[in-house]
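Since the structure comes first, as structure tokens, the remarks are kept for the end.
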Amino acid sequence: MSISRRNCIVPPFILKRLIENGDEAIRESAIASLVSTAQLRGERAVRTSVSGLGAAPADGGRTIFDCAQGTVLSKATLVRSEADGPVGDASINHAFDGLGATRDFYRQVFQRNSLDDHGQRLDGYVHRGLRYNNAFWDGQEMVFGDGDGQIFTDFTGSVDVIAHELTHGVTQFTADLDYHTQSGALNESMSDVFGSMVKQWSLHQTAADADWLIGAEVFTPAIDADALRSMKAPGTAFDNNLLGKDPQPDHMNRYVDLPDTEDDDNGGVHINSGIPNKAFYLVATGIGGYSWEAAGHIWYESLKASSAKAQFQDFADTTYRTAGTLYGDGPEREAVRAAWSGVGIAVTPVDSPPPAADSPVSTLIKRVEDLSAQVVELTDAVRALAGHSG
Amino acid sequence: MKVTLAVRGGLAAAIGPRVRVISSDAEQDRELRRLVSAAAASSPDRGVDDRAGRDVMSYTVTVEDGGAVRQLRAADTTMSPAFAALLEWLEQH
């Protein structure tokens, strides 16, 4: 087996492993192949990524801190690091495992090295505050509350919630979607979409088998609620006297127009996210199979290609264009068009260039998992190639 | 004294604000006044730092003491230790 620098079929994540190989010749050859492949795929910032790899990244090493019900993060105690085994506190272990699942998902599915794609360390803080009913991303780290024990319980108990918060970091380092009105709702939706994908990937569930719920585990058994949100059926996650009715719309004709103020959820970013959430659900189930395959790659590449002020229409058009770029004029692109139509958004027709015949990106994506088992063979092949060129 | 705590935002923002009213007795008033004064001195109305935080909660504390009314606001990512101490007291009562 050989690797051509012009038309590389080796998945980028395997090349990245080769780059981290101690052999300088292998590293140089793999870098050249990675740059060539990335250029074919139109990836931005590839040279930055490569230079980051050369600088010995942390590869998303995890650190968990215990706030012990305090609110000042700098006073929290380090309780578990990457090399440590499980401890006697379920919240600590859940946070540690959830960070790991999310990190591994991004690495294995999208070849992304942690949140910033440069191996950023993952810091999680548990037991934050007294009866604290929340989990949040502060721009650098994840913070989890224990819940009040009456309505909410431990927020580390839901892997999609953990992945939701971490994905805010991914969004911050990519499109950095402005956290107001529609762009803010897209920001929230990205976290739900990738959060749900992490859960499905962890459970090896197909799109058809998944529950598409966000935060199904955060309510106490006493609360009659399915979850915080339903991507499959926005607006149906809860409906009771205590919490009221889930206000998420599932269609543009039910878009909730709120003032762009803190008191109104910055224009309803946690409310109108139901619309792009439903669109992703429709794409994933329309294509079939696993959500993190075609649908996930369309969304991920579209997130990277979006700008901070993107509106729903912009993102819909980007996904349609991306589907054409990745998969041509096939069922995937039609599924994207139909999904957005299903939530009341007509995508703008575009003439997407078909993938290059001699290097179909879609083939690369589909072969990623199969090729992962061939790392050892590839190492030998690159060593041989480096020997010939040297 | 009467204190109203309104909590908004967060991962579950769609559920809406949570509002609690806490009435303190004479014995508690002295401690509460101290906490409110400290929070006011250290934590002006800073709102939510929307450049960085996501799913952050914001807190509005309205204090009615005799005829005077004062309001303090902060968020998870912006609150001072003194505001956090006031919040903790309110959560415990």
Side-chain angles (χ1 to χ4, degrees), chain A residues 69-73 75 128-140 143 145 148 151-152 155 161 164-165 167-169 171-172 178-180 184 187-188 191 214-215 218-219 225 228-229 234-235 237-238 242-244 246-248 256 261-266 268-271 273-274, chain B residues 3-22 31-32 35-36 38-39 42-62 71-93:
Chain A
Q69 276 66 56
T71 56
V72 181
L73 300 187
K75 292 183 178 176
R128 191 268 187 200
L130 196 63
R131 295 193 280 274
Y132 183 59
N133 289 333
N134 197 26
F136 69 89
W137 164 256
D138 76 351
Q140 293 182 305
V143 185
D148 58 11
I151 300 173
F152 291 102
F155 279 74
V161 165
H164 174 107
E165 297 310 330
T167 298
H168 278 307
T171 298
Q172 178 180 310
D178 196 23
Y179 208 55
H180 296 271
N187 191 319
E188 273 301 314
S191 283
I214 301 297
V218 302
F219 289 109
L228 291 171
R229 291 183 280 279
F238 53 87
L242 182 64
L243 304 177
D246 179 359
Q248 281 211 309
V256 182
T261 64
E262 290 172 17
D263 290 351
D264 291 292
D265 191 29
N266 295 317
V269 301
H270 290 88
I271 295 173
S273 55
Chain B
V3 179
T4 304
L5 169 64
V7 183
R8 295 181 174 87
L11 182 67
I15 291 174
R18 177 173 64 93
V19 180
R20 282 185 62 220
V21 178
I22 303 104
E31 174 67 359
L32 189 51
L35 289 166
V36 168
S42 67
S43 180
D45 184 2
R46 297 163 69 181
V48 176
D49 176 14
D50 67 351
R51 279 304 307 150
R54 301 290 181 258
D55 297 322
V56 168
M57 280 180 159
S58 66
Y59 308 86
T60 304
V61 178
T62 305
Q71 198 168 73
L72 307 174
R73 286 167 61 88
D76 286 328
T77 50
T78 64
M79 70 173 67
S80 66
F83 190 96
L86 171 62
L87 207 55
E88 185 175 332
W89 191 94
L90 295 174
E91 290 288 0
Q92 289 176 327
H93 290 83

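All values below were derived from every heavy atom in this structure, side-chain atoms included, with hydrogens, water molecules and symmetry-related copies excluded. Here is the naming used below: chain letters follow the sequence lines, and residue numbers restart at 1 for every chain. Predicted, not measured: the structure shown is a model, and the values here were computed from it.
Across Q248(A), Q172(A), E165(A), the residue that shares the most heavy-atom pairs under 4.5 angstrom with chain B is E165(A). Of all the listed residues (R18(B), E88(B), R8(B), Q92(B)), the one sharing the greatest number of non-hydrogen pairs under 4.5 Å with chain A is R8(B). Of the residues considered (D264(A), L228(A), V256(A), V218(A)), L228(A) shows the highest number of contacts with chain B, using heavy-atom pairs under 4.5 Å.
Minimum heavy-atom separation, R73(B) to D263(A): NH1-OD1, 3.7 Å. Looking at every heavy atom in both residues, M57(B) comes nearest to N133(A) through CE-O, 3.2 Å. Across P247(A) and A14(B), no two heavy atoms sit closer than the pair CG-O, 3.4 Å.
Contacts between D148(A) and chain B at a heavy-atom distance below 4.5 Å are absent for every atom of the residue.
Using a 4.5 Å cut-off on side-chain heavy atoms (C-beta onward), Y132(A) and E91(B) make no contact. Looking at heavy atoms from C-beta onward, D55(B) lies in side-chain contact with H164(A) at the 4.5 angstrom threshold. Side-chain contact check for V161(A) versus L11(B): some heavy-atom pair is nearer than 4.5 Å. The closest side-chain heavy-atom distance from R54(B) to Y179(A) is below 4.5 Å.
Rounded to the nearest 0.5 angstrom, L90(B) CG and L130(A) CG are separated by 11.0 Å.
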